[in-house]
**Student:** 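A single structure is presented below for examination.
Reminder, nothing fancy here: chain letters follow the sequence lines and each chain counts from 1.
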Amino acid sequence: MPELPEVDVVRAGLAPAVTGATVTAVTVFDERSLKRHAGPSEDFVARLSGATFDEPRRRGKFLWIPIREHQAETTDPEAPASEARASESPASEALVIHLGMSGQVLLRDPDAPLDRLTRIGIAINSPVFGRVRVDFVDQRIFGSMAIDDLVQTPDVPDESVPSQVGHIARDPLDPYFSDTAFFAKLARRNTGIKRALLDQTLISGIGNIYADEALWASRIHYDQPTSTLSRPRAKTLLAEVRLVLGKALAEGGTSFDAQYLNVNGESGYFSHSLNAYGQQGQPCPRCGRPIVREQFMNRGSHFCAYCQKVRRAASAS
DNA sequence: CCGGACTCCTGGTTGC
DNA sequence: TGCAACCAGGAGTCCG
């Protein structure tokens with residue numbers, strides 16, 4: 001399941017191909033992949049056709065490509081075409097991409113056969129790559145594409161995000177992420193730490209895999225109450241989160257397959273380096289006792305029952 | 001505010 | 001061999 005590193009590999013892989021590219025054709029093969037688009041597929045196609053893309057952006061697991069300008073007929077017949085043509089006007093809309101559980105974005109030769117699970121195909125004319133196809137492939141259809149309005153963020157000038165991303169917190173690799181604000185929110189919360197790590201409105205980009213990995217590295221039990229985490233332990237956890245995300249990012253970047261122009265949402269896993277996730281029954285790399293798997297939050301939690309125990313708050317009796 | 005249940009969804013795997 | 005049941009969970013919603 002793509003988390004921040006995988007999504008960022010996709011962003012980085014898309015950037016050289018789509019930046020400055022113009023959309024020449026859009027095909028929606030499965031409307032269910034437009035579940036985050038507020039409108040019918042015809043509207044999606046109309047708003048995307050003729051669009052010119054800006055550099056792709058990311059927050060947490062959300063990815064979007066700002067639309068620099070639009071050369072298709074405006075949907076509002078009253079609007080004078082010349083007014084919307086101001087060359088330096090900031091993008092007001094974006095193509096929003098969420099990979100969900102199984103989404104992939106593939107850059108393909110225009111004549112390449114369609115993957116069986118392609119849900120949306122976008123043909124573009126790229127200044128660098130020429131004519132290519134941007135295929136959205138998604139087996140389980142938890143992912144989606146959408147055209148959404150960009151809205152100014154409240155805390156950083158000249159920064160905007162799609163309206164549907166507005167509630168998503170900054171991710172720990174975002175330069176404007178506030179560590180102290182994060183610690184303060186953790187202390188105020190009355191919930192378990194893994195729940196908090198997976199709460200995209202508190203800290204974004206972390207999914208089940210990297211939550212388990214960061215908790216293992218920090219020797220923290222998934223259900224440790226956030227309010228009982230000491231500041232040093234919370235700092236350690238955040239540092240381990242950044243470490244595990246950064247490491248995956250580095251490995252994902254290197255596994256990028258340039259020959260296929262294949263921007264693959266699942267290519268970034270550093271499966272060789274997993275210490276806890278999916279390692280049930282395997283010895284804990286630290287103490288040798290078996291990693292266990294428990295059902296938690298409707299998903300698997302992998303941890304070392306010896307290294308990672310719920311600790312009482314220091315003030316408790 | 002919190003947590004649990006439920007929804008979306010299907011290909012690959014497992015089990016009979 | 002064949003088919004059904006099961007499994008993976010990101011994110012949103014609803015309810016108690």
**Student:** Where the side chain of R32(A) is concerned, which of dA8(C), dC8(B), dT10(B) is the nearest nucleotide?
**Tutor:** dT10(B)

**Student:** State whether the number of non-hydrogen atoms from other residues, nucleotides or ligands found under 6.0 Å of D155(A) atom CG is greater than 12.
**Tutor:** yes

**Student:** Please name the residue in the list R32(A), K35(A), R36(A) that meets the side chain to side chain donor-acceptor pair (under 3.5 Å) test with S144(A).
**Tutor:** R36(A)

**Student:** dG12(C), OP1 or OP2 - any side-chain N/O from H167(A) closer than 4.0 Å?
**Tutor:** yes

**Student:** For Q295(A) and R36(A), find the nucleotide of DNA chain C closest to each by heavy atoms; which residue's nucleotide sits nearer the 5' end?
**Tutor:** Q295(A)

**Student:** What integer distance in Å separates F296(A):CZ from dG9(C):P?
**Tutor:** 13 Å

**Student:** Is any side-chain nitrogen or oxygen of R293(A) closer than 4.0 Å to OP1 or OP2 of dA8(C)?
**Tutor:** yes

**Student:** Could you state the atom-to-atom distance from CG of D115(A) to P of dG11(B) in whole Å?
**Tutor:** 11 Å

**Student:** Of the listed nucleotides (dA11(C), dG12(B), dA8(C)), which one gets closest to any side-chain atom of R140(A)?
**Tutor:** dA8(C)

**Student:** Can E294(A) and Y222(A) be counted as having a side-chain donor-acceptor contact under 3.5 angstrom?
**Tutor:** yes

**Student:** Any side-chain N or O of Q139(A) below 4.0 angstrom from OP1/OP2 of dG11(B)?
**Tutor:** no

**Student:** Ignoring hydrogens and angles, answer whether the base of dA8(C) and the side-chain atoms of R299(A) contain a donor-acceptor pair closer than 3.5 Å.
**Tutor:** no

**Student:** Round to a whole Å and report the spacing from CG of D171(A) to P of dA11(C).
**Tutor:** 12 Å

**Student:** Does the side chain of Q164(A) come within less than 4.5 Å of H98(A)'s, by heavy atoms?
**Tutor:** no

**Student:** If you assign G192(A) and D30(A) each to the DNA chain B nucleotide with the nearest heavy atom, which residue ends up on the more 5' nucleotide?
**Tutor:** G192(A)

**Student:** Look at the side chain of R195(A) and decide which nucleotide, out of dG3(B), dG10(C), dC9(B), has an atom nearest to it.
**Tutor:** dG3(B)

**Student:** With nearest nucleotide decided by heavy atoms, which residue, T201(A) or Y277(A), maps closer to the 5′ end of DNA chain C?
**Tutor:** Y277(A)

**Student:** Can you see if the side chain of H98(A) gets near the phosphate of dA11(C) - specifically, an N or O under 4.0 Å from OP1 or OP2?
**Tutor:** yes

**Student:** Between dG12(C), dA8(C), dT10(B), which one does the side chain of F62(A) approach most closely?
**Tutor:** dG12(C)

**Student:** CD of Q200(A) versus C1' of dG10(C): gap in Å, rounded?
**Tutor:** 8 Å

**Student:** Just to confirm, is there a sub-4.0 Å distance from OP1 or OP2 of dC8(B) to any side-chain nitrogen or oxygen of K35(A)?
**Tutor:** no

**Student:** In whole angstroms, how far is the P atom of dA8(C) from the CD1 atom of I209(A)?
**Tutor:** 13 Å

**Student:** Round to the nearest Å and state the distance from D199(A) atom CG to dC1(B) atom P.
**Tutor:** 11 Å

**Student:** Please work out if L198(A) contacts a base, only the sugar-phosphate, or nothing of the nucleic acid, heavy-atom cut-off 4.0 Å.
**Tutor:** nothing

**Student:** Reckon S102(A) has a side-chain N or O less than 4.0 Å from the OP1 or OP2 of dC9(B)?
**Tutor:** no

**Student:** OP1, OP2 of dG10(C) versus side-chain N and O of Y210(A): anything below 4.0 Å?
**Tutor:** no

**Student:** Once you apply a heavy-atom cut-off of 4.0 Å, does G300(A) come out as touching a base, just sugar-phosphate, or nothing?
**Tutor:** sugar-phosphate

**Student:** Could you state the NE2-P distance from H302(A) to dC7(C), rounded to the nearest angstrom?
**Tutor:** 14 Å

**Student:** Using atom CG of L202(A) as one end and atom P of dC1(B) as the other, report the distance to the nearest whole Å.
**Tutor:** 12 Å

**Student:** Run the numbers on D148(A) and V165(A) for side chain to side chain contact (heavy atoms under 4.5 Å, CB included), then give the verdict.
**Tutor:** CA-CA 10 Å; D148(A) 194 9; V165(A) 179; 5.9 Å; no

**Student:** Please step through side chain to side chain contact (heavy atoms under 4.5 Å, CB included) for the pair V28(A) and F44(A), ending with a clear verdict.
**Tutor:** CA-CA 9 Å; V28(A) 177; F44(A) 176 82; 3.9 Å; yes

**Student:** Quick one: does D199(A)'s side chain get under 4.5 Å of T191(A)'s, heavy atoms only?
**Tutor:** no

**Student:** Can F142(A) be said to stack with the base of dA11(C), given centres closer than 5.5 angstrom and planes under 30 degrees apart?
**Tutor:** no

**Student:** Counting just side-chain N and O atoms, does N298(A) come under 4.0 Å of either OP1 or OP2 of dG9(C)?
**Tutor:** no

